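Working notes for the structure below.
Here is the naming used below: chain letters follow the sequence lines, and residue numbers restart at 1 for every chain. Computed from a predicted model, the values in this text were never measured in an experiment. Hydrogens, waters and symmetry mates are skipped; everything else that's a heavy atom, side chains included, is used.
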Amino acid sequence: MKQNDDRYFQFPLFLFRNFMYDTEKCLNDIVCYGLYDLSNKLNIDLFRMLEHTIYTYYRGGLPNEIKERLTKFAELGEIDFNENYLGFSGQGDFEPTTEMEQLEMIFNTDNDFYLEVCKWFKKVSVINFFEISGNYDAILQKGKIIAESIPDKEPFPMIDKNKLFEFRDEEKTEFQLIVFAANVGMRSILGTKPYCKTTKELILCRAFGFNTMRDLEKEKPPLFKKYFNRYQTDKILNEIEIGNWNLFRYSSQNMRGMFIAYKRRISLEKLVEVVEEKSRKRKIQQLKNSKIIARENAMKKIVESQLNSNEYSNESVTSTTP
DNA sequence: CGATGCTTAGGCCGGTGTGC
DNA sequence: GCACACCGGCCTAAGCATCG
């Protein structure tokens with residue numbers, strides 16, 4: 001797992017459909033899916049797992065089965081636990097090097113035990129990351145159900161972990177919720193791109209958890225109508241731009257649609273440059289095309305007039321012939 | 001393939017509603 | 001009467017979609 005993924009939850013967009021109506025349930029579903037997803041993707045760091053297993057053995061808190069197995073291995077002399085130092089070095093650092101090496105040897109010969117410890121370690125890692133207090137297995141089960149019902153071509157936006165818990169646990173106004181939702185909508189459109197072109201309509205559509213306007217029309221949320229107007233969309237987008245959302249927008253004069261971008265991925269100056277250069281190149285291409293067309297038309301005319309003059313000359317020839 | 005119509009963002013503006 | 005939030009209409013030009 002990469003360092004910068006640590007702070008984000010990634011989830012299928014459709015979970016967001018009830019965000020405006022039942023925020024807590026929506027965000028808890030996202031946590032369930034995130035937990036399930038992480039438990040699948042998590043790569044085990046063997047060193048940390050060895051260390052944490054020894055640490056938890058000394059400190060207490062291992063599942064009984066694992067603890068009993070370790071005790072047995074100790075009785076057989078395959079691992080030496082030092083009940084005086086409890087894994088701490090003379091300098092006071094937790095460095096159970098010998099125990100870890102011995103445990104690794106045990107893992108190499110007893111694959112079932114290794115897998116059992118992996119399962120436990122994964123669980124504690126995930127619980128630690130998500131700071132959850134609920135029933136881990138139930139959450140995992142729910143996450144699995146969600147994962148199995150993801151539609152095709154579903155966008156997967158990401159939410160900052162702290163923001164997610166903030167919105168789940170603190171009271172928010174409807175406008176604060178729609179701003180958060182629009183932020184998610186924008187992220188679902190951007191994906192991994194630093195910037196891209198879109199419309200206000202699609203941002204709002206995604207904010208309500210729908211992939212396309214076609215999907216949204218099937219079960220249009222009442223609040224979509226409330227917020228999809230000039231004043232409200234501008235207010236929402238302005239709020240996102242001045243707030244701490246790492247997002248901004250740019251629309252060239254009279255252009256159809258707008259560009260949205262991550263502040264941390266591209267500067268306003270750079271985006272404007274890119275957008276105006278695109279428009280300049282398009283204009284140049286249009287000029288080229290119109291010149292080609294003009295030339296073709298001119299050539300046609302010339303050919304036609306030559307044909308005509310030939311006809312006249314032929315006529316004159318035939319007329320003079322007896 | 002080209003002409004045409006349609007959609008879109010944003011500047012501007014007038015009108016309505018609300019609280020003081 | 002005043003300040004402010006809200007809403008939709010009109011307008012422009014870009015550029016996308018579509019039709020013949």
Side-chain angles (χ1 to χ4, degrees), chain A residues 13 19-21 153 155 157 171-191 193-243 245-263 265-305 307:
Chain A
L13 182 68
F19 174 74
M20 295 298 293
Y21 303 97
K153 295 180 181 172
E171 201 63 33
K172 297 285 178 187
T173 65
E174 189 180 280
F175 186 70
Q176 285 174 317
L177 292 180
I178 191 76
V179 167
F180 182 79
N183 148 75
V184 168
M186 288 166 87
R187 282 163 194 281
S188 83
I189 296 166
L190 277 162
K193 301 181 286 291
Y195 65 89
C196 76
K197 197 176 177 187
T198 186
T199 63
K200 291 175 172 179
E201 189 181 53
L202 187 64
I203 292 173
L204 258 286
C205 172
R206 292 288 181 86
F208 284 93
F210 293 91
N211 191 352
T212 64
M213 277 305 286
R214 192 184 289 250
D215 297 331
L216 180 131
E217 293 293 347
K218 286 180 211 156
E219 39 183 313
K220 208 169 196 168
L223 284 176
F224 181 85
K225 202 173 184 313
K226 178 176 175 183
Y227 285 103
F228 186 53
N229 65 58
R230 178 73 180 278
Y231 180 80
Q232 293 295 343
T233 47
D234 278 353
K235 196 177 154 193
I236 292 164
L237 292 174
N238 285 337
E239 191 65 26
I240 288 174
E241 281 197 85
I242 61 169
W245 297 97
N246 182 30
L247 291 166
F248 70 99
R249 71 191 205 269
Y250 173 70
S251 184
S252 187
Q253 183 103 46
N254 294 322
M255 76 177 273
R256 267 187 72 184
M258 57 200 263
F259 280 82
I260 57 173
Y262 291 112
K263 278 182 193 169
R265 303 277 302 274
I266 186 169
S267 70
L268 173 64
E269 288 73 16
K270 183 70 192 165
L271 182 67
V272 173
E273 224 172 82
V274 170
V275 171
E276 298 307 333
E277 181 64 11
K278 270 182 206 281
S279 134
R280 189 175 147 268
K281 280 187 177 159
R282 208 172 2 250
K283 278 176 188 162
I284 290 170
Q285 194 56 47
Q286 278 171 359
L287 275 176
K288 270 188 187 170
N289 290 344
S290 62
K291 281 169 189 170
I292 289 167
I293 292 155
R295 182 168 149 273
E296 278 169 1
N297 288 340
M299 293 305 276
K300 262 185 215 161
K301 272 187 189 166
I302 291 168
V303 171
E304 273 167 25
S305 69
L307 276 177

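Listed by chain and number, the residues in a salt bridge (charged side-chain N to carboxylate O under 4.0 Å, His left out) with A/E219 are A/R17 (sequence neighbours excluded). Residues passing the salt bridge (charged side-chain N to carboxylate O under 4.0 Å, His left out) test with A/E217, sequence neighbours excluded: A/K220. Residues forming a side-chain contact (heavy atoms from CB on, under 4.5 Å) with A/E171 (at least two apart in sequence, or on another chain): none. Every residue was checked against the side-chain contact (heavy atoms from CB on, under 4.5 Å) condition with A/R256, not counting sequence neighbours, and none meets it. For A/K172, the side-chain contact (heavy atoms from CB on, under 4.5 Å) partners are A/E166, A/F167, A/E170, A/Q176, A/L177, not counting sequence neighbours. In terms of the salt bridge (charged side-chain N to carboxylate O under 4.0 Å, His left out) criterion, residue partners of A/R280 (sequence neighbours excluded) are, by chain and number, A/E277. Every side-chain contact (heavy atoms from CB on, under 4.5 Å) that A/S279 has, sequence neighbours left out, goes to A/E276, A/R282, A/K283.
Residue A/K197 is in sugar-phosphate contact alone, with no base atom involved, counting any heavy-atom pair closer than 4.0 Å across all strands shown.
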Please report, to 0.1 Å, the donor-acceptor pairs under 3.5 Å made by any side chain of residues 224-235 of chain A, with sequence neighbours excluded.
{"residue": "A/K226", "atom": "NZ", "partner": "A/E174", "partner atom": "OE2", "Å": "2.7"}
{"residue": "A/Y227", "atom": "OH", "partner": "A/E174", "partner atom": "OE2", "Å": "2.6"}
{"residue": "A/N229", "atom": "OD1", "partner": "A/Y231", "partner atom": "N", "Å": "3.0"}
{"residue": "A/N229", "atom": "OD1", "partner": "A/Q232", "partner atom": "N", "Å": "2.8"}
{"residue": "A/N229", "atom": "ND2", "partner": "A/K226", "partner atom": "O", "Å": "3.1"}
{"residue": "A/R230", "atom": "NE", "partner": "A/D234", "partner atom": "OD2", "Å": "3.4"}
{"residue": "A/T233", "atom": "OG1", "partner": "A/N229", "partner atom": "O", "Å": "2.7"}
{"residue": "A/T233", "atom": "OG1", "partner": "A/R230", "partner atom": "O", "Å": "3.3"}
{"residue": "A/D234", "atom": "OD1", "partner": "A/K200", "partner atom": "NZ", "Å": "2.7"}

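A heavy-atom distance below 4.0 Å to DNA chain C is reached by these residues of residues 211-230 of chain A, ordered by number: A/N229, A/R230.
Atom C1' of nucleotide B/dA9 and atom OH of A/Y231 are separated by 18 Å, given to the nearest angstrom.
Using modelled atom types, one finds no donor on one side chain facing an acceptor on the other under 3.5 Å when comparing A/R265 with A/N246.
From the 5' end on, the contacts that DNA chain C makes with chain A at under 4.0 Å to a non-hydrogen atom open and close at C/dA5 to C/dC16.
The two residues A/Y262 and A/G191 make their nearest non-hydrogen contact at OH-O, 3.2 Å.
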Could you list all N or O pairs between the protein and nucleotides 5-8 of chain B that sit under 3.5 Å apart?
{"residue": "B/dT7", "atom": "O2", "partner": "A/R256", "partner atom": "NE", "Å": "2.7"}

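Along DNA chain C, the nucleotide closest to A/K235 and the one closest to A/S279 are compared, and the more 5′ of them pairs with A/K235.
Atom CZ in A/R187 sits 12.5 Å away from atom CD1 in A/I203 (nearest 0.5 Å). Note: A/I236 CD1 to A/E241 CD = 13.0 Å, rounded to the nearest 0.5 Å.
Axis angle, first five pairs versus last five pairs of the helix from B/dC1-C/dG20 to B/dC20-C/dG1: 30°, rounded to 10°.
In terms of modelled atom types and a separation under 3.5 Å, the side chain of A/R206 and the main chain of A/N211 share a donor-acceptor contact.
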